[in-house]
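Written out below as structure tokens is the structure these notes cover.
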Amino acid sequence: MTARAIAVMMLCNIVWALNVVVSKVAVDDLAVPPLFYAVLRSLIVAIALAPLLWPLPEKLWKVLLVGLAIGGGSFALFFMGLKTASPSASGVVSLTGAPMTVLFAIIFLGERIRWKRGLGIGLSFGGVFFAMTGSSQMEASSGLLLVFVSAVIGALGAVFVKKLNISSIRLQAWAAVASIAVLGPLSMLFEHDLMAPVIAAPWEVAACLFFAAVIVSIGAHTAYFQMLQRYDTNVIVPLTLFTPILTIAFGAWLTGDTIGGRLIVGGAIALVGVAIIVVRPSETFTRRFLVKLRL
């Protein structure tokens, strides 16, 4: 890889990690309802990528389901979890997405694994469990459970990307449409005073949405998929492992997360497990979504 390509990937990691902190600020500090925040984010993405919606893709209903899973569906659960979970804790729990993707590939795609990837799966889950069972902020909570479910939904969607004949950027556009269609009614039904936080802090909310939709979803993900087109997946995907490390660092720096030894040790064990998973070859599913499960 060139120095420029490495710089682009590191910038993507920084943006993805900061997005966890920005989302925490939006749904917790600014009190934007999580489902509504996911809808607004998807609306911006849909408007920006509207020209890519035509012509209609093959198997549209499958595109919408998978798009919802790796788009607003998993994001909404993640935002709901961030109401009570810290960015650092959420970053570690999200590491379960990679082993869950492999497990779903075994179930639905007939993926076969050998002992090395089996070890990686065990280390990933074991490291996260070790970190979560401590007496600090990593204790199992409803927020972290929602983050885990978000990773599960994203992993399930990532496996079925294999069955779609659509480019990543067009999938992103349709994911935004599916997210609006499903999450919009749910937000109006279960959340209240949707516009109150926007009226109270319009510029702050707008800045969070711009960062999440334009900088992250369109900018960083487009750059990521361009890197995947130019370089081997084995080179690119492991570089995304810097995201959880940076998430923990930014959480400690920007939101004052308590970083205990148990979190560091558990996170390190999980990272080793994920690293083993992403560098092993796969014959049945698209590895570009192994770590980045959401669009």
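Atom set for the values below is all heavy atoms of this structure, side chains included, hydrogens, waters and symmetry mates excluded.
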Any heavy-atom pair between the side chains of [Y] and [X] that's under 4.5 Å?
X      : Y      : result
Leu82  : Pro34  : no
Thr96  : Phe148 : yes
Leu209 : Val32  : no
Ile14  : Phe242 : no
Asp257 : Pro87  : yes
Ser94  : Arg294 : yes
Trp174 : Leu60  : yes
Val235 : Met1   : yes

Cluster question for you: counting only ILVMFWY and a side-chain heavy-atom cut-off of under 4.5 Å, with indirect links fine, are [X] and [Y] together?
X      : Y      : answer
Leu241 : Val20  : yes
Val278 : Leu109 : yes
Trp61  : Ile153 : no
Trp115 : Ile269 : yes
Phe190 : Met80  : yes

Indicate yes or no for a side-chain donor-acceptor contact from [X] to the backbone of [Y] under 3.5 Å, with no hydrogens or angles considered.
X      : Y      : value
Ser150 : Leu146 : no
Arg262 : Phe130 : yes
Arg170 : Leu52  : yes
Arg117 : Arg112 : yes
Thr240 : Asn13  : no
Ser74  : Ala69  : yes

(message) Counting neighbours of CZ on Phe125 that are heavy atoms of other residues, nucleotides or ligands and sit closer than 6.0 Å, is the number greater than 12?
(response) yes
Kindly compute the distance separating [atom1] ([X]) from [atom2] ([Y]), expressed to the nearest 0.5 Å.
X      : Y      : atom1 : atom2 : answer
Gln172 : Ser217 : CD    : OG    : 5.5 Å
Ser124 : Leu103 : OG    : CG    : 9.5 Å
Leu189 : Glu191 : CG    : CD    : 10.0 Å
Ile218 : Leu49  : CD1   : CG    : 4.5 Å
Lys24  : Leu18  : NZ    : CG    : 16.0 Å
Leu263 : Met132 : CG    : CE    : 11.0 Å

For a quick test of reading the model, state the closest non-hydrogen atom pair linking [X] to [Y] and the distance between them.
X      : Y      : result
Ala175 : Gly67  : CB-O, 3.3 Å
Pro197 : Asp193 : CD-O, 3.3 Å
Ala252 : Ser88  : N-OG, 4.0 Å
Val92  : Gly267 : CG1-CA, 4.2 Å
Leu144 : Ser90  : CD2-N, 4.1 Å
Val66  : Gly157 : CG1-O, 3.5 Å

(message) Suppose we screen for side chain to side chain donor-acceptor pair (under 3.5 Å). Which residues come up paired with Ser179, at least two apart in sequence or across chains?
(response) none
(request) Only counting residues at least two apart or in another chain, list the ones meeting side chain to side chain donor-acceptor pair (under 3.5 Å) with Gln226. (result) none
(message) The test is side-chain contact (heavy atoms from CB on, under 4.5 Å); show your working for Leu30 and Val198 and say whether it passes.
(response) CA-CA 8 Å; Leu30 300 178; Val198 180; over 6 Å; no
(request) Look at the aromatic rings of Phe160 and Phe108 and report parallel, tilted or perpendicular, splitting at 30° and 60°. (result) tilted
(request) Look at the rings of Tyr224 and His221 and say which category their plane angle falls in: under 30° parallel, 30 to 60° tilted, over 60° perpendicular. (result) perpendicular
(request) Check step by step if side-chain contact (heavy atoms from CB on, under 4.5 Å) holds for Tyr37 and Cys208. (result) CA-CA 9 Å; Tyr37 183 68; Cys208 291; 3.6 Å; yes
(message) Trp16 vs Thr247, test: side-chain contact (heavy atoms from CB on, under 4.5 Å). Steps then yes/no.
(response) CA-CA 8 Å; Trp16 289 326; Thr247 301; over 6 Å; no
